[in-house]
*Asks:* 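Below you'll find the structure I mean.
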Amino acid sequence: DGDDISIIELGSYGDVELFAKWTEGIQTYTVSFESNHGSEVSSITDVEEGLTITEPTPPTRNGFSFGGWYSTAGLTNPWDFSIDTINQNITLYAKWNANIIIYELYGGGGNSGATYNNDYVILYNTTGSAIDISHYSLHYAAATGSFHTTNNKINLNGTIAAGGFYKIQLAAGTTVTDKPLPFTADLSSTAINLAGTIGKLALAFGSVPNLTLTGSNHSAVIDFVGYG
């Protein structure tokens with residue numbers, strides 16, 4: 001069923017009839033990578049149908065550890081490069097695990113009926129290595145407020161040991177003054193005054209005033225807590 005080919009005269013050697021052989025065309029696809037605020041990963045093109053692909057060099061992202069590639073944007077289906085095959089154009093999505101999280105917070109310190117004089121925040125290092133937090137910052141805003149319109153933010157300093165905690169003493173109220181925090185703080189600041197019942201707090205990679213958060217989904221946000 002291909003195109004006609006003219007007969008080639010072979011002279012004294014006689015006529016020879018040749019037959020064309022046809023093979024089905026090979027389908028190829030493209031694998032794209034969404035690094036979710038991490039470093040860029042180039043697409044893999046011309047992947048033959050039914051084949052696996054080699055895992056690319058993992059992306060990097062400040063403040064996070066790479067948690068693998070997933071075939072869904074919701075990060076519910078991990079991709080196994082050793083057995084999963086390509087049968088269509090597909091995008092794989094990067095998962096990130098925060099190296100430091102907001103472990104605990106307390107607001108309303110020093111107010112009437114407060115347990116402690118001061119507000120506080122405790123951070124936790126989720127990794128097996130010490131982390132220098134001199135490039136991190138803490139940002140607070142009221143429940144209906146915006147991070148970029150408030151001055152409630154501080155830069156952090158020092159190091160959090162592997163699997164360790166970092167305790168931050170914050171502003172104090174004026175009613176309760178005889179109930180100090182039950183720990184020695186690694187950092188003290190009165191720049192952040194946490195509301196006792198409702199608010200939001202973000203841990204970010206980047207220093208103020210150079211860093212201004214636009215919301216909880218800002219690329220610099222490492223961890224976020226809304227309470228109340």
Side-chain angles (χ1 to χ4, degrees), residues 35-41 57-69 75 94-110 114-141 146-148 150-173 179-196 199-227:
S35 62
N36 288 327
H37 300 306
S39 57
E40 184 178 352
V41 177
T57 300
T60 58
R61 182 182 177 188
N62 289 328
F64 291 86
S65 296
F66 179 62
W69 293 104
L75 306 178
K95 179 181 179 179
W96 298 101
N97 300 313
N99 293 338
I100 301 173
I101 62 172
I102 300 171
Y103 180 81
E104 184 178 332
L105 65 81
Y106 174 77
T115 303
Y116 302 112
N117 301 342
N118 295 77
D119 303 337
Y120 70 81
V121 172
I122 298 178
L123 306 178
Y124 174 64
N125 179 355
T126 66
T127 76
S129 303
I131 297 178
D132 177 4
I133 59 171
S134 60
H135 298 293
Y136 288 75
S137 53
L138 204 60
H139 303 246
Y140 169 76
S146 300
F147 289 114
H148 66 277
T150 176
N151 292 321
N152 289 331
K153 42 197 168 187
I154 59 173
N155 290 321
L156 307 182
N157 59 64
T159 301
I160 307 182
F165 296 92
Y166 185 88
K167 299 173 284 292
I168 307 168
Q169 176 178 296
L170 298 172
K179 297 179 179 180
L181 296 178
F183 54 75
T184 299
D186 299 294
L187 175 68
S188 296
S189 173
T190 59
I192 292 181
N193 187 356
L194 299 177
K200 52 193 176 188
L201 187 72
L203 174 68
F205 189 92
S207 300
V208 297
N210 297 327
L211 174 64
T212 300
L213 300 184
T214 55
S216 61
N217 61 348
H218 190 283
S219 62
V221 171
I222 305 297
D223 197 16
F224 174 84
V225 174
Y227 64 95

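Source: prediction; values computed, not measured.
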*Asks:* Can Leu201 and Leu138 be said to form a side chain to side chain contact (heavy atoms under 4.5 Å, CB included), step by step?
*Replies:* CA-CA 7 Å; Leu201 187 72; Leu138 204 60; 3.9 Å; yes

*Asks:* Can you classify the ring geometry of His135 versus Phe205 as parallel (below 30°), tilted (30 to 60°) or perpendicular (above 60°)?
*Replies:*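 The rings of His135 and Phe205 sit tilted, inter-plane angle from 30° to 60°.
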
*Asks:* With a 4.5 Å limit on heavy-atom distance, are the side chains of Ile102 and Leu123 in contact?
*Replies:*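 Counting from C-beta outward, Ile102 and Leu123 do come under 4.5 Å.
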
*Asks:* Tell me the closest heavy-atom pair linking Ser129 and Asn125, and the distance in Å.
*Replies:*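 Taking Ser129 first and Asn125 second, the nearest heavy atoms are O-ND2, 2.8 Å.
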
*Asks:* Do Tyr106 side-chain atoms and Thr115 backbone N/O form a donor-acceptor pair below 3.5 Å?
*Replies:*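 Pair found, side chain donor or acceptor close to backbone of Thr115.
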
*Asks:* Check for a donor-acceptor pair, side chain of Ser35 on one end and backbone N or O of Ser39 on the other, with a separation under 3.5 Å.
*Replies:*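 Checking the backbone N and O of Ser39 against the side chain of Ser35, a donor-acceptor pair under 3.5 Å is found.
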
*Asks:* Output yes when a side-chain donor or acceptor of Tyr120 lies under 3.5 Å from a complementary backbone atom of Glu104, and no otherwise.
*Replies:*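 Side chain of Tyr120 to backbone of Glu104: no pair is present.
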
*Asks:* Taking the side chain as everything from C-beta on, heavy atoms only, tell me whether Leu194 gets closer than 4.5 Å to Tyr227.
*Replies:*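 They are in side-chain contact.
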
*Asks:* Can you measure from OG (Ser188) to CD1 (Ile168) and round to the nearest 0.5 angstrom?
*Replies:*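 Between atom OG of Ser188 and atom CD1 of Ile168 there are 9.5 Å.
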
*Asks:* Which pair of heavy atoms, one from Leu213 and one from Ala202, lies closest together, and at what distance?
*Replies:*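 Between these two residues, the closest heavy atoms are CD1-CB, 3.8 Å.
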
*Asks:* Could you pull out all donor-acceptor pairs under 3.5 Å where a side-chain atom in residues 59-69 meets a protein atom, sequence neighbours excluded?
*Replies:*
unit_1, atom_1, unit_2, atom_2, d
Arg61, NH1, Asn36, O, 3.4
Arg61, NH2, Ser219, O, 3.2
Ser65, OG, Asn99, OD1, 2.6

*Asks:* Could you measure the distance from the CG atom of Leu75 to the NZ atom of Lys95? Nearest 0.5 Å is fine.
*Replies:*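 Between atom CG of Leu75 and atom NZ of Lys95 there are 7.0 Å.
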
*Asks:* Could you grab the distance from atom CG of Leu211 to atom CZ of Phe147, nearest 0.5 Å is fine?
*Replies:*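 The CZ atom of Phe147 is 11.0 Å from CG of Leu211, to the nearest 0.5 Å.
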
*Asks:* Can you give me the closest heavy-atom contact between Gly108 and Ala114, atom names plus distance?
*Replies:*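 Nearest heavy atoms, Gly108 then Ala114: O-CB, 3.5 Å.
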
*Asks:* Please tabulate, one pair per line, all N/O donor-acceptor pairs under 3.5 Å involving side-chain atoms of residues 151-167, not counting sequence neighbours.
*Replies:*
unit_1, atom_1, unit_2, atom_2, d
Asn152, ND2, Thr150, OG1, 3.4
Asn155, OD1, Val208, N, 2.8
Asn155, ND2, Val208, O, 2.9
Tyr166, OH, Asn157, O, 2.6

*Asks:* Considering residues at least two apart in sequence or located in another chain, which fulfil the side-chain contact (heavy atoms from CB on, under 4.5 Å) criterion with Thr126?
*Replies:*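 By the side-chain contact (heavy atoms from CB on, under 4.5 Å) rule, Thr126 matches Ile101, Tyr124.
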
*Asks:* How long is the straight-line distance from NE2 of His218 back to NE2 of His139, given to the nearest 0.5 Å?
*Replies:*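 Reported value, rounded in 0.5 Å steps: 9.0 Å.
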
*Asks:* Is Asn117 reaching over with its side chain to a backbone N or O of Gly110, donor-acceptor style, under 3.5 angstrom?
*Replies:*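 Side chain of Asn117 to backbone of Gly110, a donor-acceptor pair under 3.5 Å: no, none is there.
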
*Asks:* For the residue pair Asn217 and His37, what are the closest heavy atoms and their distance?
*Replies:*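 Closest approach of Asn217 to His37: O-NE2, 3.9 Å.
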
*Asks:* Is the shortest side-chain heavy-atom distance between Ile192 and Asp119 below 4.5 Å?
*Replies:*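 Contact flag for Ile192/Asp119 side chains = no.
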
